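Note that these values count all heavy atoms, side chains included, but never hydrogens, waters or copies made by symmetry. Throughout, numbering of the chain's residues begins at 1 and tracks the sequence. Bear in mind that the values here come from a model prediction, so they are computed numbers and not experimental data.
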Amino acid sequence: MSYLTDRKRAVGKGSAGSGTEHFWNQAISAVGLLILMPLFALTFGCALGMPYEDAIAYYQRPFPAIIAAMTLVTAMVHFRHGVQVVIEDYSRGVTKKVLVIVCTALSYTVLAIGLYGLARIAF
């Protein structure tokens, strides 16, 4: 026997029963990108006109490589949450499930390729 009221059971849950999880995840990643994107623009801008060897040597240093990796991870997480919200809003049934799986796989694939490339440069 449950002593919870209907209001107490509904607190924190939206119409889908999942609450605001996607919103908060995307808001947190947006704040992270707000901090990381200017740092990434500065580090990438410094390497923009360099010859190939100098650019590789620049990204072998810890600070530019870490900023690039953190920006890539945060951007792909933000992309995944944003696309998933759009797909859930405008698709139904099996199409929705397939699109969420494809977009999630795409974001993790881009993330893995980017981190692999950074690791190859760094080591």
Participant: Considering residues at least two apart in sequence or located in another chain, which fulfil the ring pair (Phe, Tyr, Trp, His ring centres under 6.0 Å) criterion with Y108?
Facilitator: none
Participant: Does anything in residues 56-89 pair up under ring-ring contact (aromatic ring centres under 6.0 Å, His included), and if so which pairs, sequence neighbours excluded?
Facilitator: none
Participant: Which heavy atom of T71 sits nearest to which heavy atom of I67, and what is that distance?
Facilitator: OG1-O, 2.7 Å
Participant: Treating D54 as the side-chain partner and M50 as the backbone partner, does any N or O pair qualify as donor plus acceptor under 3.5 Å?
Facilitator: no
Participant: Of all heavy-atom pairs between L99 and S91, which one has the smallest distance, and what is that distance?
Facilitator: CD1-OG, 3.7 Å
Participant: Hey, mind stepping through V83 and S107 against side-chain contact (heavy atoms from CB on, under 4.5 Å) and telling me if it holds?
Facilitator: CA-CA 10 Å; V83 167; S107 67; over 6 Å; no
Participant: Taking all heavy atoms of A47 and all of A55, pick out the closest pair and write down the distance.
Facilitator: O-CB, 4.3 Å
Participant: Please answer: with hydrophobic residues joined when any side-chain heavy atoms are less than 4.5 Å apart, are Y90 and V102 in the same cluster?
Facilitator: no
Participant: How long is the straight-line distance from CZ of R120 back to CG of L118, given to the nearest 0.5 Å?
Facilitator: 12.5 Å
Participant: Of the non-hydrogen atoms in T109 and A105, which two are nearest, and what is the gap between them?
Facilitator: OG1-O, 2.6 Å
Participant: Could you list who else is in Y116's hydrophobic cluster, with ILVMFWY side chains joined at under 4.5 Å, directly or through other members?
Facilitator: none
Participant: Check whether I121 and L39 end up in the same hydrophobic cluster, where Ile, Leu, Val, Met, Phe, Trp and Tyr are linked by side-chain heavy atoms less than 4.5 Å apart.
Facilitator: yes
Participant: Hydrophobic clusters join Ile, Leu, Val, Met, Phe, Trp and Tyr when side-chain heavy atoms are under 4.5 Å apart, directly or via other members; which others share one with V85?
Facilitator: none
Participant: How long is the straight-line distance from SG of C103 back to CD of Q84, given to the nearest 0.5 Å?
Facilitator: 9.5 Å
Participant: Check the hydrophobic clustering (I, L, V, M, F, W, Y; side-chain heavy atoms under 4.5 Å; chains of links allowed) and say if L115 and M76 are grouped together.
Facilitator: yes
Participant: Is there a path of hydrophobic side-chain contacts, each under 4.5 Å between heavy atoms, that joins V73 and V110?
Facilitator: yes
Participant: Could you grab the distance from atom OG of S29 to atom CG of L36, nearest 0.5 Å is fine?
Facilitator: 10.5 Å
Participant: Distance-only, no hydrogens or angles: does the T74 side chain make a donor-acceptor pair with backbone N or O of M70 under 3.5 Å?
Facilitator: yes
Participant: Which other residues belong to the hydrophobic cluster containing I101, where Ile, Leu, Val, Met, Phe, Trp and Tyr are joined when side-chain heavy atoms lie under 4.5 Å apart, directly or via other members?
Facilitator: none
Participant: Using the ring-ring contact (aromatic ring centres under 6.0 Å, His included) rule, collect all pairs that involve residues 34-56, keeping only residues at least two apart or in two chains.
Facilitator: F40-F44
Participant: Using the rule that Ile, Leu, Val, Met, Phe, Trp and Tyr join whenever any side-chain heavy atoms are under 4.5 Å apart, tell me whether L106 and L72 fall into a single cluster.
Facilitator: yes
Participant: Determine yes or no for a side-chain-to-main-chain donor-acceptor pair under 3.5 angstrom, with E88 supplying the side chain and K96 the backbone.
Facilitator: no
Participant: I need the R92 CZ to I87 CD1 distance, nearest 0.5 Å.
Facilitator: 12.5 Å
